[in-house]
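Below, each value reflects all heavy atoms present in this structure, side chains not excepted, and no hydrogens, waters or symmetry copies.
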Amino acid sequence: MQGVGAEIVLALFLYRVWKLPVVMLAGAATGLALGLNDAFRYYAGATASFQVTYVICAIISGVVVSGIGSWLLVRALARTGVLSSFAAGREHGRRPRSSAA
């Protein structure tokens with residue numbers, strides 16, 4: 001279920017934009033999908049305030065871990081060149097180094 005949220009957001013951008021705001025939105029959608037799924041499947045008997053708090057925490061966690069965290073990881077990997085055959089790797093690829101030594 002978690003992946004559905006991210007896939008919807010990334011599909012809206014045609015899997016071509018890997019900038020931080022987009023992956024943060026994908027992370028938020030991931031957290032929303034997780035939170036709603038868990039709230040209805042596992043916490044159906046819980047109070048509404050617990051369910052709302054759970055979904056909000058899942059969204060925040062999705063933004064931080066799967067949004068910002070994955071963006072930082074892709075940037076680090078892209079600098080090594082291992083992602084050069086992927087769109088995300090080309091967008092975050094090696095930056096020209098300064099010639100000042």
Open item on the list: Return the CG to OG distance between L73 and S66, rounded to the nearest 0.5 Å.
Closed with: 12.0 Å
- [ ] Please check if the side chain of S61 supplies one atom and the backbone of C57 the other of a donor-acceptor pair under 3.5 Å.
- [x] no
TODO: Kindly compute the distance separating CG (L36) from CZ (R41), expressed to the nearest 0.5 Å.
DONE: 13.5 Å
Open item on the list: Among L25, V17, T30, which residue satisfies the side-chain contact (heavy atoms from CB on, under 4.5 Å) criterion with V9?
Closed with: L25
Open item on the list: Just to verify, what does Y43 make a ring pair (Phe, Tyr, Trp, His ring centres under 6.0 Å) with, not counting sequence neighbours?
Closed with: F50, Y54
Open item on the list: For a quick test of reading the model, state the closest non-hydrogen atom pair linking I68 to M24 and the distance between them.
Closed with: CG1-CG, 3.9 Å
Open item on the list: Under 4.5 Å between side-chain heavy atoms, counting indirect links through other Ile/Leu/Val/Met/Phe/Trp/Tyr residues: same cluster for F40 and V4 or not?
Closed with: no
- [ ] Say whether L20 and L72 are linked into one hydrophobic cluster, either directly or through other cluster members, by side-chain heavy-atom distances under 4.5 angstrom.
- [x] yes
Task: Nearest-0.5 Å distance that lies between atom CG in L10 and atom CH2 in W18 - done: 5.0 Å
TODO: Examine I8 and L34 and state if one hydrophobic cluster contains both, with Ile, Leu, Val, Met, Phe, Trp and Tyr joined whenever side-chain heavy atoms are less than 4.5 Å apart.
DONE: no
Open item on the list: With rounding to the nearest 0.5 angstrom, report the CD1 to CG distance, I59 to L32.
Closed with: 4.5 Å
Task: Hydrophobic cluster membership, V64 vs V23, 4.5 Å side-chain cutoff - done: no
Open item on the list: Looking at every heavy atom in both G5 and A33, which two are closest together, and how far apart are they?
Closed with: N-CB, 4.2 Å
